[in-house]
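Encoded as structure tokens, the structure appears first; notes follow it.
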Amino acid sequence: KNQVEQSPQSLIILEGKNCTLQCNYTVSPFSNLRWYKQDTGRGPVSLTIMTFSENTKSNGRYTATLDADTKQSSLHITASQLSDSASYICVVSPTSGTYKYIFGTGTRLKVLA
Amino acid sequence: AAGVIQSPRHLIKEKRETATLKCYPIPRHDTVYWYQQGPGQDPQFLISFYEKMQSDKGSIPDRFSAQQFSDYHSELNMSSLELGDSALYFCASSLYASGAYNEQFFGPGTRLTVL
């Protein structure tokens, strides 16, 4: 079982609509949780990063929330644009320092005109 | 701003051949990570280096080896290639600093196709 699971696996929405992506993790203890956007065939790009003590973090139209008690995080995208079409990956770091990331299964978002 | 550079961007090899992927981290970054992402899969951590020493090891096959050089660039050497090695290989770099996020910045990836 993956330590970081995301839902839905894929999502199609119309341009201008909002959407929320979910991330459930079992990694414990963890240092921080990140949301990345990955365009097809490209490297992931960081959107937000939160430590276990933070509840929410915004980056433009992207807002991430974190509930460390229930081990859940969400990424809310407001007023979606065609360029938001990509995979969104939740990544958890189990400790601070130089350490590997544990990647989630990803949600593939498609925004239609 | 300078980003992580990977070369080549695309590579086609045949079974049982060898391949070398290169990664040039962001200037002043001292840590390099390698990831393998199969089709439709999430990236899997392979190996990382800090100050030219291996700092962590993930699901890297014995046929693969990697090292980090004095200029902090890293090379991933892959031998006896198999069809299943076809994937996107990402390199990421970060700057180790106690108490910091150690944000990893990803390169564009090298797409390896094994025929």
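Computation of the quantities below employed the complete heavy-atom set of this structure, encompassing side-chain atoms and omitting hydrogens, waters and symmetry-equivalent molecules. Below, read A as the first sequence line, B as the second, and so on, with proteins coming before strands; counting in each chain starts at 1.
- Heavy-atom neighbours of A:Phe52 CZ from other residues, nucleotides or ligands within 6.0 Å: at or below the threshold of 12.
- Atom NZ of B:Lys15 sits in a sparse spot, with 12 or fewer heavy atoms from other residues, nucleotides or ligands closer than 6.0 Å.
- Of all non-hydrogen atoms in A:Thr105 and B:Asp42, the two that sit nearest each other are CA-OD1, 4.1 Å.
- Atom OG of residue A:Ser46 and atom CZ of residue B:Phe106 lie 9.0 Å apart, to the nearest 0.5 angstrom.
- The two atoms that bring A:Ile89 and B:Pro43 nearest to each other are CD1-CD, 4.4 Å, heavy atoms only.
- Placement of A:Tyr62 and A:Met50 within a single hydrophobic cluster is found when ILVMFWY residues are connected by side-chain heavy-atom separations under 4.5 Å, directly or transitively.
- For chain A, the nearby part of B:Gln37 is the side chain; its heavy atoms alone come within less than 4.5 Å.
- No more than 12 heavy atoms of other residues, nucleotides or ligands lie within 6.0 Å of CG in B:Asp62, so this atom counts as exposed by the packing criterion.
- Ring centers of B:Phe45 and A:Phe103: at least 6.0 Å apart, outside the cut-off.
- Between A:Gln38 and B:Phe90, the shortest heavy-atom distance links the atoms NE2-CZ, 3.1 Å.
- Transitive grouping of hydrophobic side chains (ILVMFWY, heavy atoms separated by less than 4.5 Å) brings B:Leu112 and B:Val32 into a common cluster.
- Residues B:Leu83 and B:Leu21 share a hydrophobic cluster, clusters being chains of Ile/Leu/Val/Met/Phe/Trp/Tyr side chains in contact below 4.5 Å.
- Here the side chain of A:Tyr101 pairs a donor or acceptor atom with the backbone of B:Gln104 at under 3.5 angstrom.
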